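The structure under discussion appears below in the form of structure tokens.
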Amino acid sequence: MTDHNNSTKINPPQNRRALLKQGLGLGAAGLVASSPLWNQLAMGADETLIPFSDMPPDYIAPPVTPGAIHYLDSRGISSFYTPNADFYIVQHYNQPAVDVAGYKLRVTGLVNKPLELDMAMLRSRPKVEIDAGFECGGNSVRQFQGLIGNARWTGTSLKGLLEAAGVKAEGIEVVFYGHDKGVEKIRDIDVEQNFGRSLHINDAMNPDVLVVYEMNGEPLPLYHGAPLRLLVPGWYGVANVKWLSQIHVQDRRFMGRFMSRDYVTLSKQDIGGEIRWEERSVTRIRLKSAIVRVTRSGKSHTITGFVLNDGTPLRTVEVSIDGGPWQAATLDKKAGKYSWKLFTFVWDNAKAGEHTLVSRVIDSNGQVQTTPEQMPEKPTRWENYAQFPRKIVIS
Ligand SMILES: Nc1nc2c(c(=O)[nH]1)N[C@H]1C(S)=C(S)[C@@H](COP(=O)(O)O)O[C@H]1N2
Ligand SMILES: [Mo]
């Protein structure tokens, strides 16, 4: 990866699978049997999964393994809440086991009253619950969109914490540090760095931004940042700092790797009438939909997919079959402002043979999900929000 120096590699499934087979001494069958996600692929009695011909026939997603990246088999996306055991996992350094009893969150920097809060103090603050889905900024066709999940998060508002500390007028940037650390080669020096991301004070003061300690009603699991993580609803996953240890308010931009070097999209943009190559930190989730599974029941086929965006209301989701007209899909009623939105489309009279299926979403501002051709020129792999045509074979 040209835009990725020593970061975690998100391998194509083929390489990943070969690695897993070697490392765990398990054949594909063993992994399939042990994956809880696979169970959800089990269909209703009269329902069968139609194979995608754009997917390797023996495709499996990497299972949850200590230290490793995990992504979903997106064909298994069938419930509003992703079970904690299946939610995708990405970390760029290690997965630190933080001592919960001795745990303290520190709020420092340009504040009137620095804070040190243990879990009991955090839990006694006003409780907020929010349904939010997010994907890694690197989620793409290569993992069949599996770096994604949707959960109910419980915690307390960041705004409340910042107000309790009293942010000084010159405090314009809020930095979030995780407990996890690694060595970064910066120029030619090796320096130890904790994972860090930041928010402008205006974004940090959005009351929907939380520090969370529960995921789907359970204590935050180790791999998802126990005991406390940030949740910035409507933003790509990288904003949601896990194993949160310190919140620091400062008077200038934070320039750490995950703001300024990594998770930076390079694309050609119209900058006030000049076409320039712009480098922009990955922030709000761009308008995106994708088809993830097709099932058959009797003569009828059902196409299922998801929508993610920054929380802007949607107008419609549509499906096109073999280049035909756009037809409205049905959005699942179970949805929150920042959750993913699942959709289904019932496809009658599907003929035998190979078909191309694609979805697109339109938001309430009339913004239409772009086609791959309409995407700005963009050599970096971040933000893959173009329409995603799928191929299936009906026998
Ligand atoms: N402390 C810490 N937080 C982190 C990361 C990390 O490496 N360290 N990775 C980020 C990235 S890139 C993503 S996509 C999300 C993934 O969250 P999840 O593993 O709970 O799905 O966590 C974010 N928070
Ligand atoms: Mo990510």
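Both counts, for ligands and for their atoms, begin at 1 and track the order of listing. Computed from a prediction, not measured in an experiment: that's the story for all the values here.
- Note: no N/O pair closer than 3.5 Å links Cys136 and ligand 1 by distance alone.
- Looking only at heavy atoms of the protein, atom 19 (O) of ligand 1 is closest to Lys242 NZ, 2.5 Å.
- Note that CZ of Arg381 and OG1 of Thr265 are 10.5 Å apart. Values are rounded to the nearest 0.5 Å.
- A donor-acceptor pair under 3.5 Å links the side-chain atoms of Arg229 to the main chain of Asn240, judged by distance alone.
- Using a 4.0 Å cut-off between heavy atoms, Phe87 contacts ligand 1 through its side chain alone, with no backbone atom that close.
- The Gln91 neighbourhood of ligand 1 comprises atoms 6 (C), 7 (O), with distances under 4.0 Å to a heavy atom of that residue.
- Among the candidates Trp153, Tyr223, Trp340, the single residue satisfying the ring-ring contact (aromatic ring centres under 6.0 Å, His included) test with Phe87 is Trp153.
- Of the protein's non-hydrogen atoms, Tyr263 OH, 2.8 Å is the one closest to atom 12 (S) of ligand 1.
- Counting only non-hydrogen atoms, the option in Tyr223, Tyr93, Trp243, Tyr88 that gets closest to atom 14 (S) of ligand 1 is Tyr88.
- For ligand 1, the atoms sitting less than 4.0 Å from at least one non-hydrogen atom of His224 are 18 (P), 19 (O), 20 (O), 21 (O), numbered in the order shown with element in parentheses.
- Regarding atom 9 (N) of ligand 1, its nearest protein heavy-atom neighbour is Val90 O, 3.5 Å.
- For the atom pair His179 NE2 and Lys242 NZ, the distance stands at 14.5 Å (nearest 0.5 Å).
- Remark: side-chain polar atoms of Glu214 are not paired, donor with acceptor, to backbone N or O of Thr154 under 3.5 angstrom.
- The nearest pair of heavy atoms linking Arg197 to Tyr263 is NH1-CB, 4.5 Å.
- Annotation: cation-pi geometry satisfied between Arg390 and Phe52 (NZ/CZ under 6.0 angstrom from ring centroid, within 45° of ring axis).
- If you number the atoms of ligand 1 from 1 as listed, the ones under 4.0 Å from a heavy atom of Ile89 come out as 19 (O).
- Of all protein heavy atoms, the one lying nearest to atom 11 (C) of ligand 1 is Val238 CA, 3.6 Å.
- The protein heavy-atom contact nearest to atom 23 (C) of ligand 1 is Gly237 O, 3.3 Å.
- For Asp180, every heavy-atom contact with ligand 1 shorter than 4.0 Å involves the side chain, none the backbone.
- Using a distance-only test at 3.5 Å, with no hydrogens or angles considered, no donor-acceptor pair links the side chain of Asp310 to the main chain of Ile285.
- Regarding atom 7 (O) of ligand 1, its nearest protein heavy-atom neighbour is His92 N, 2.8 Å.
- When atom types are taken as modelled, the side chain of Lys334 and the backbone of Leu342 share no donor-acceptor pair closer than 3.5 angstrom.
- Only backbone heavy atoms of Asn240 (N, CA, C or O) come within less than 4.0 Å of ligand 1; its side chain stays farther off.
- Counted by atom type alone, Ser74 and Gln145 present zero donor-acceptor pairs between their side chains at under 3.5 Å.
- Between Arg229 and ligand 1, at least one pair of N/O atoms sits closer than 3.5 Å.
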